[in-house]
Amino acid sequence: MAKKLAETIASSSAHGISRAAASENKLLRVMWILLFLICLAVFLKSGINLVLKLQKSEMTKKYQLDQATFVLPDLYFCPINPYSGSYPFTLTKEEADLVNSRIKQLIDRFGELYDVPKSILFHAFLWTPQVQLSLPFDLLAKYLLVRKEESVQFAAITDDFVAHNVDVEAFYNYENLVCFRLILSDKLKKMIMNPGSTLKLRLSTDPYLAELNFTGHPIQPIADSNGNSVPFLEWHPYRYYEQLRTSGFTMLIVPPGAYPSLRFEESFHMSPGFEYSVQLKMTESTCSEELHDKFCLLETPPVEFMNSLSGKRERFNYSNAACYYRNVNVQVVDEIGCQLSQRPSLWEFRDYPHCSNMSEMTAATVKRMRKAGSGRRIELETLTQKYCKTRIPCSYPIYSTSYSFGKWPSAGSSILRYFAEYFNRTSVSKAEAPALARVSDIAKQLQMGDHSAHLEGIFHSYVSESMLSVQITIDSLLSPQVMLAWSYTFADLLADTGGLLGLYIGCSVLTVCEMFELIYICVSLLLKRRSAKRSSSRTGDQETAGCDVGEKQALGGENAEEIELRS
Ligand SMILES: *[C@@H]1O[C@H](CO)[C@@H](O)[C@H](O)[C@H]1NC(C)=O
Ligand SMILES: *[C@@H]1O[C@H](CO)[C@@H](O)[C@H](O)[C@H]1NC(C)=O
Ligand SMILES: *[C@@H]1O[C@H](CO)[C@@H](O)[C@H](O)[C@H]1NC(C)=O
Ligand SMILES: *[C@@H]1O[C@H](CO)[C@@H](O)[C@H](O)[C@H]1NC(C)=O
């Protein structure tokens with residue numbers, strides 16, 4: 001066996017060790033063996049470093065320009081203040097009474113549910129959001145929220161001096177109460193991708209208009225027993241101290257078919273009194289192949305949300321937001337028994353109450369909610385965000401914008417004409433848009449010249465507080481691609497190990513196979529010898545020759561260049 005070992009070492013493709021075997025000089029031989037061992041140690045150390053590097057590997061991004069084609073996003077326009085400043089002031093007595101009685105009921109319900117002693121100084125503004133989020137959605141939509149007829153004055157794609165109207169529909173949701181979404185046919189989608197075409201919108205924030213033909217049946221303020229109250233004009237579903245409220249719109253830019261989440265999707269704020277030119281840009285985010293199904297999802301099932309107004313099921317494409325909403329609710333529903341407030345409702349949780357809807361909550365869930373506290377909820381949200389980071393779609397568009405803006409409209413006669421003739425151009429009736437109807441009348445009066453300075457002031461302040469214009473173009477039909485990949489992969493490890501093997505011990509994967517072959521031969525020789533000994537102890541000496549024969553056979557016909565290790 002020693003012979004075999006020597007032979008293998010001598011013919012090994014690992015350089016140093018074969019020299020040790022070949023060398024006749026004892027000193028040289030020792031030196032070569034030492035050198036080999038040193039190189040082996042260095043190699044092992046570097047190899048361990050590489051393995052550690054693989055373990056600690058981080059995500060990197062690689063940019064490639066003009067690699068992906070632009071995909072048109074879905075566009076949503078969400079009023080920052082979802083309450084109308086006009087409709088709720090034109091309600092009939094019956095309508096106003098209906099809303100007011102519901103508000104009264106909810107204020108009483110708050111006292112019951114949260115067990116608030118009347119003596120406690122507890123300002124009404126703390127629970128106005130709760131009352132608003134507990135009102136029946138159809139009541140909100142019908143009497144209190146902004147409407148398309150008043151808010152969207154114009155939406156069209158202009159292309160070669162022709163304007164094609166774009167349909168807009170209200171999208172009611174638990175997150176912002178109401179948003180407006182553009183509905184683009186395939187033809188219009190193609191049209192907006194043409195260089196030179198622009199999507200134009202003229203929006204109104206529908207602010208309070210003192211000159212409105214007020215019916216005298218107001219919405220009651222939300223009041224507490226200490227005489228504090230929050231008037232309707234200061235309501236906001238999620239803001240508490242918002243005395244000086246901002247108005248305007250949030251433009252949401254959402255990957256096609258995905259849920260329009262204000263928290264997760266790209267958004268862009270626009271204030272009244274300005275015109276915005278927005279360029280849409282896209283970057284395609286993709287994951288390299290080794291991340292598929294580990295870091296990202298190749299198959300992304302659609303997600304079902306519940307429409308807040310109709311209670312119907314609505315299907316959306318999978319998105320990071322959908323992952324988050326689902327998984328945070330799985331845990332919150334499990335621990336507390338209600339769905340997180342201010343978040344979209346998923347269809348699968350439709351039987352659970354919303355944590356801030358007092359019409360759905362019971363005293364028991366309120367108790368559990370209080371016990372869990374807000375700390376636990378924040379913890380769950382953080383956990384979920386981490387979890388969803390490794391469940392992104394393997395390829396999805398990321399949108400961004402670049403924009404410029406200027407004061408708009410300039411005070412001139414064209415703005416008077418715009419409003420004076422507003423109803424000649426649109427199919428919306430005056431009854432559907434009471435504020436616009438009133439402004440149109442004022443504009444007519446101003447045009448005729450018989451008016452007070454007061455009326456002119458009202459007109460101009462209304463225009464600058466309500467109107468905003470946005471022109472959207474597409475930056476480029478080719479978009480850059482971002483490739484997510486591990487900074488160091490297993491393939492890199494193999495290549496580097498190969499390099500080190502070659503560098504330090506001058507061998508390759510095949511050498512490793514030689515080693516295996518050697519081990520195999522040695523083991524089989526040992527086994528043969530043992531069985532030979534056993535049989536010889538039984539039948540005497542004649543069998544040892546058989547052993548030699550066996551050995552020779554095992555060595556095969558390779559005896560031509562046998563080199564022996566003599567020591
Ligand atoms: C609150 O819950 C009631 C009862 O389910 C429902 O009718 C109402 O629309 C909800 N309100 C909001 C704002 O979601
Ligand atoms: C205001 O409304 C009342 C009743 O709804 C109507 O009689 C009156 O003509 C209106 N005034 C104006 C200026 O539109
Ligand atoms: C997303 O949904 C739209 C329909 O709304 C569909 O045309 C599109 O193919 C979907 N995209 C993905 C990536 O699933
Ligand atoms: C707009 O319509 C009104 C009647 O509703 C009419 O008196 C007026 O002349 C029209 N204006 C234009 C410019 O067509």
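All values below were derived from every heavy atom in this structure, side-chain atoms included, with hydrogens, water molecules and symmetry-related copies excluded. Each ligand, and each atom within it, is numbered from 1 in the order the structure gives.
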Considering only NZ, NE, NH1 and NH2 on the basic side and carboxylate oxygens on the acidic side, decide whether Glu304 and Arg350 come within less than 4.0 Å.
->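 Not counted as a salt bridge, because no side-chain N and carboxylate O are separated by less than 4.0 Å.
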Output the list of atoms in ligand 1 that are nearer than 4.0 Å to some heavy atom of Tyr174, sorted by atom number.
->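 Every atom of ligand 1 under 4.0 Å from some heavy atom of Tyr174: 12 (C), 14 (O).
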Under 4.0 Å from atom 2 (O) of ligand 4, is there any protein heavy atom?
->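 There is a protein heavy atom less than 4.0 Å from atom 2 (O) of ligand 4.
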Check whether any protein heavy atom sits under 4.0 Å from atom 5 (O) of ligand 4.
->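 Under the 4.0 Å cut-off, atom 5 (O) of ligand 4 has no protein heavy-atom neighbours at all.
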Less than 3.5 Å between some nitrogen or oxygen of [X] and one of ligand 1, yes or no?
X	value
Leu177	no
Pro136	no
Asn357	yes

For the pair Arg147 and Asp206, evaluate salt bridge (charged side-chain N to carboxylate O under 4.0 Å, His left out) and give the outcome as yes or no after the intermediate values.
-> CA-CA 9 Å; Arg147 296 191 205 176; Asp206 194 7; over 6 Å; no
May I ask you to identify the nearest protein heavy atom to atom 11 (N) of ligand 4, giving residue, atom name and distance to one decimal place in Å?
->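 Protein heavy atom at minimum distance: Asn424 ND2, 2.6 Å.
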Centroid-centroid distance, Phe264 to Tyr259, less than 6.0 Å |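 Centroid separation for Phe264 and Tyr259: 6.0 Å or greater.
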Under 6.0 Å between the ring centres of Phe180 and Tyr76?
->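 Ring centres of Tyr76 and Phe180 not closer than 6.0 Å.
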Check whether any N or O atom of Glu421, backbone or side chain, sits under 3.5 Å from an N or O atom of ligand 4, and answer yes or no.
->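 It does not: no N or O of Glu421 is found under 3.5 Å from an N or O of ligand 4.
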Consider ligand 1: state whether an atom of it lies below 4.0 angstrom from any non-hydrogen atom of Ser308.
->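 No; Ser308 lies far enough from ligand 1 that no heavy-atom distance drops under 4.0 Å.
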Quick one: do Asp186 and Lys190 satisfy salt bridge (charged side-chain N to carboxylate O under 4.0 Å, His left out)? Show the steps, please.
-> CA-CA 6 Å; Asp186 288 343; Lys190 266 197 201 121; over 6 Å; no
Does the distance from Cys287 SG to Cys296 SG come in under 2.5 Å?
->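 With an SG-SG separation of 2.5 Å or more, Cys287 and Cys296 do not form a disulfide.
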